[in-house]
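Note that ligands are numbered from 1 as they come in the structure, with each ligand's atoms numbered from 1 the same way. Quantities reported herein were computed from a predicted structural model and do not represent experimental measurements. By convention here, the first residue in the shown sequence is residue 1.
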Amino acid sequence: LVASGKGGVGKSTVAANLALALARDGARVALLDADLYGPSIPTMFGTFERPVSADEKRVEPVSAHGIYLMSIGFFVAPEQAMIWRGPILSGTILQFLRDVNWGKQDYLFVDLPPGTGDVQLSIAQHLRVTGAVMVTTPQDLSLADVTRAKGMFDEVKVPVLGVVENMSYFICPNCGTRHDIFAGGGGKIAAERLHVPLLGTIPLDTGVCLAGDSGAPTVVREPDSPVTQAFISIARSLAGKISMQAMDGASKRGLFSKEFA
Ligand code: ADP
């Protein structure tokens with residue numbers, strides 16, 4: 001799950017680019033846009049293709065840039081979803097999880113709505129979630145929102161794998177000097193407060209913003225840029241944490257299968 005205390009911190013941008021970074025490393029990846037009030041995945045991936053059903057029972061996800069996608073934005077205009085209430089929102093999300101033919105994937109990323117609401121809760125309760133990543137910004141010093149989100153994940157036993165600080169610093173495209181324009185350290189402070197690792201920092205970069213509007217996220221549009229390197233490094237660290245968790249689960253079940261033991 002990719003979560004944030006509030007909107008506009010770059011949660012969808014981070015979700016999309018981390019998903020694409022793992023796909024670039026060879027993983028099979030899907031991304032569910034659960035931000036029903038502000039679905040930005042169709043725009044970011046440059047596709048508004050209406051999903052089709054092969055068997056009239058399950059809907060096929062949309063394929064773009066090598067990963068599978070599902071978003072309410074493929075079905076309705078954002079204004080239409082704005083008026084939905086809690087139970088409809090949760091029902092829609094559960095349908096997306098159950099009735100989409102996700103196939104065999106190594107990772108399913110879920111871009112959550114900001115904050116703590118019905119959608120976050122029903123996903124955390126109905127899915128066996130591997131973990132959550134919290135996205136913050138350096139100036140996001142009011143820790144109340146992230147703390148509340150962590151509290152919710154703790155309650156539903158979803159491990160928080162770490163914090164990603166987005167829009168951390170600016171590298172001047174002319175001289176290459178790094179400018180810490182928002183000298184807040186919000187990501188580090190949030191990670192310390194929540195007792196989870198800071199997975200990495202992503203610079204504020206005009207390319208990220210342009211890529212988001214162009215239909216090809218940064219990792220695809222600028223495959224060799226420093227921002228892409230930052231996303232790849234975070235994605236690999238995340239993959240490491242996830243496999244350690246899987247190993248943990250395996251060691252609890254025992255090393256040998258019943259037949260062998
Ligand atoms: P959220 O999902 O938290 O609401 P978005 O991912 O939609 O946030 O990002 C909000 C806006 O900020 C978008 O226009 C996006 O392109 C821009 N943005 C996100 N991250 C960066 C970044 N690192 N550098 C520049 N612009 C960014």
Taking both backbone and side-chain atoms of Thr13, is any N or O found less than 3.5 Å from an N or O belonging to ligand 1? yes
Taking side chain as C-beta onward, heavy atoms only, is Phe109 less than 4.5 Å from Leu18? yes
Short N or O distance, Asn166 and ligand 1, threshold 3.5 Å exclusive: yes
Shortest protein contact, atom 27 (C) of ligand 1 (heavy atom only): Val208 CG1, 3.9 Å
For Glu165 and Ser168, what are the C-alpha separation, side-chain angles and deciding distance, and is it a side-chain hydrogen bond (donor to acceptor under 3.5 Å, both in side chains)? CA-CA 6 Å; Glu165 186 185 87; Ser168 288; 2.6 Å; yes
Considering non-hydrogen atoms of the protein only, which is the closest contact for atom 24 (N) of ligand 1, and what is the distance? Asp205 N, 3.0 Å
Would Val9 count as a polar contact of ligand 1, with the cut-off being nitrogen or oxygen pairs under 3.5 Å? yes
Identity of the nearest option to atom 16 (O) of ligand 1, non-hydrogen atoms only, from Gly10, Ala3, Cys209: Cys209
May I ask you to say whether Lys6 pairs ionically with Asp145, meaning some side-chain N is under 4.0 Å from a carboxylate O? no
Is there a polar contact between ligand 1 and Leu204, counting only N or O atoms under 3.5 Å apart? no
Within a 6.0 Å radius of atom CZ on Arg193, are there more than 12 heavy atoms belonging to other residues, nucleotides or ligands? no
Atoms in ligand 1 flagged as close to Pro203, the criterion being non-hydrogen separation under 4.0 Å: 22 (C), 23 (N), 24 (N)
Look at atom CD of Gln229 and say whether more than 12 heavy atoms of other residues, nucleotides or ligands are closer to it than 6.0 Å. yes
Hey, does Lys11 come in under 3.5 Å of ligand 1, counting only N/O atoms on both sides? yes
Phe74 atom CZ: more than 12 heavy-atom contacts under 6.0 Å: yes
Output yes when a protein non-hydrogen atom is found under 4.0 Å of atom 11 (C) of ligand 1, and no otherwise. no
If you take the nearest heavy atom of each of Ser12, Pro39, Gly8, Gly212, which one is closest to atom 7 (O) of ligand 1? Ser12
Between Lys11 and Asp111 (salt bridge meaning N to carboxylate O under 4.0 Å), is one present in this structure? yes
Leu97 side chain near Leu32 side chain, heavy-atom distance below 4.5 Å: yes
Among side-chain atoms of Thr228 and Ser225, is any donor-acceptor pair under 3.5 angstrom? yes
Is there any N or O on Asp111 that sits under 3.5 Å from an N or O of ligand 1? no
Does any non-hydrogen side-chain atom of Leu69 lie less than 4.5 Å from one of Ile41? yes
Atom 22 (C) of ligand 1: any protein heavy atom closer than 4.0 Å: yes
Give the residue and atom name of whichever protein heavy atom lies nearest to atom 18 (N) of ligand 1, and the separation in Å to one decimal. Met167 CE, 3.9 Å
Quick one: does ligand 1 sit under 4.0 Å from the side chain of Asp213, the backbone, both or neither, non-hydrogen atoms only? neither
